[in-house]
Amino acid sequence: MPKSKRLLALMMTVNRKRKFTVKELAQEFEVSSRTILRDLQELSELGVPLYSEVGPHGGYQVLNERILPPIAFTEEEAIAIFFACHALRHYANLPFKTEASSALSKFYNYMSGDVRDRIDQMKNRVDFITPSRHSESPFLSILLDGAIDQKVLLIDYESREGISSREIQPIGIYASNGLWYCPAYCFIRGDIRVFRCDRIHSAVSSASKPMDLRHVHLGNRESLSKEEEEEVILFVELSKEGVQKCENELWTVSKLHIRNDGTGCLDGNIAKSDIPFFAKFILGLGSEATVKSPSELVDGMKEMMAEIMAKYK
């Protein structure tokens, strides 16, 4: 096997293994241990973060900062990946902001001059607009790690009642309209709640035993529903414009039904405790929405409108 091909295969092998010995690699690649040692030295000089341990149970391992082996992208694929990262610049906070910036810089600087020129032209022709938010969400990485590693976190959270401490077990994080949200199991409430990440003032690991929530994730939205709570039937008629506005909201996925003519409706069960939220949202749709049920929602909207009218007497 040519040396260049062997080095590439060796890079892929050590990235795949947690731990390995020179003897194991020598046997796998059918070369001498001395050759493998030279190859590992070259990989280390190329940036592969190798760590060696001495002793009878020693060997080599690749640190967490692993690098990917060379991947051949077409010009269009490289541009698509560049703009996927470029779109994230609208977010003031990201769980991997430094890494995204570094990856973007590498992509741009290692491309040929003509491809960079094309990207420079496209920057002013295509964009993915996200509302600019001044609020900070500095604990995104901690929340994401908590969701991945099934950890309980102790947070200080700001709600209408003020700032309180509570233990949560994050399920994931997602961005919507420029804001970050974290669905999590709240140990105080005893069910799943959605927390605004910019309202989290601190987040640290807790020693409390986590629950097994591996089956609950953002890709399974039905699993994020609350435990049994008194519910009412929501039915709201929507104009075409009303449908388009509802399509921007994640929570409408299971409730939004669109007709062939573009109109539609919101139809499904909602918790009674969520009526104030729905009242505020549907009022924002104006004449593009008509509530048919529940009556409690209509009453809530009337109360909100009365409060607004009172300000302008």
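Numbers here simply count residues along the sequence, with the first being 1.
Summarising the local packing, NZ of K245 is surrounded by more than 12 heavy atoms from other residues, nucleotides or ligands at distances under 6.0 Å. L37 CG: more than 12 foreign heavy atoms inside a 6.0 Å radius.
Formation of a donor-acceptor pair under 3.5 Å by the N109 side chain with backbone atoms of S105 is found in this model. Side-chain atoms of S239 come within 3.5 Å of backbone N or O of G242 as a donor-acceptor pair. A donor-acceptor contact shorter than 3.5 Å links the side chain of S141 to the backbone of P95. With Q150 contributing its side chain and L213 its backbone, the two residues share a donor-acceptor pair below 3.5 Å.
Taking the six-membered ring where the residue is Trp, the centroids of Y157 and F195 are separated by under 6.0 Å.
The side-chain hydrogen bond (donor to acceptor under 3.5 Å, both in side chains) test applied to E136 returns N93, not counting sequence neighbours. Evaluation of the side-chain hydrogen bond (donor to acceptor under 3.5 Å, both in side chains) rule for E237 yields R259 as partners, not counting sequence neighbours. The side-chain hydrogen bond (donor to acceptor under 3.5 Å, both in side chains) search around S293 returns none, not counting sequence neighbours.
Distance check, rounded to the nearest 0.5 Å: CZ of F83 to CZ of R125 gives 11.5 Å. The line from CG of L297 to CZ of F278 is 8.5 Å long, rounded to the nearest 0.5 Å. One distance of note links CG of L238 with CG of L285; it measures 7.0 Å at 0.5 Å rounding. Atom CG of D117 sits about 13.0 Å away from atom CE of M122, to the nearest 0.5 Å.
A heavy-atom distance below 4.5 Å is found between the side chains of L40 and L10. Using a 4.5 Å heavy-atom cutoff, the side chains of I155 and S165 are not in contact.
Taking hydrophobic clusters as Ile, Leu, Val, Met, Phe, Trp and Tyr residues chained together by side-chain heavy-atom distances below 4.5 Å, I81 shares a cluster with M111.
Y181 and D198 share no donor-acceptor pair across their side chains, judged by distance under 3.5 Å alone. Side chains of S101 and T98: a donor-acceptor N/O pair is absent below 3.5 angstrom, by distance only. Side-chain contact of T74 with E76: a donor-acceptor pair under 3.5 Å is absent, judged by distance alone.
Because its NZ or CZ atom is not both nearer than 6.0 Å to the ring centre of F29 and within 45° of the ring axis, K5 does not count as a cation-pi partner of that residue.
Of the charged side-chain nitrogens involved, none lies within less than 4.0 Å of a carboxylate oxygen, so that R196 and E158 do not count as a salt-bridged pair. For the pair D267 and K255, the salt-bridge criterion is not met [side-chain N within less than 4.0 Å of a carboxylate O].
Aromatic ring orientation, H86 versus F82: parallel (interplanar angle below 30°, classes split at 30° and 60°).
The heavy-atom pair separating P170 from L143 by the smallest distance is CB-O, 3.5 Å.
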task = Check the pair D274, K272 against salt bridge (charged side-chain N to carboxylate O under 4.0 Å, His left out), reporting the backbone distance first and the verdict last.
result = CA-CA 5 Å; D274 287 337; K272 264 194 171 183; over 6 Å; no
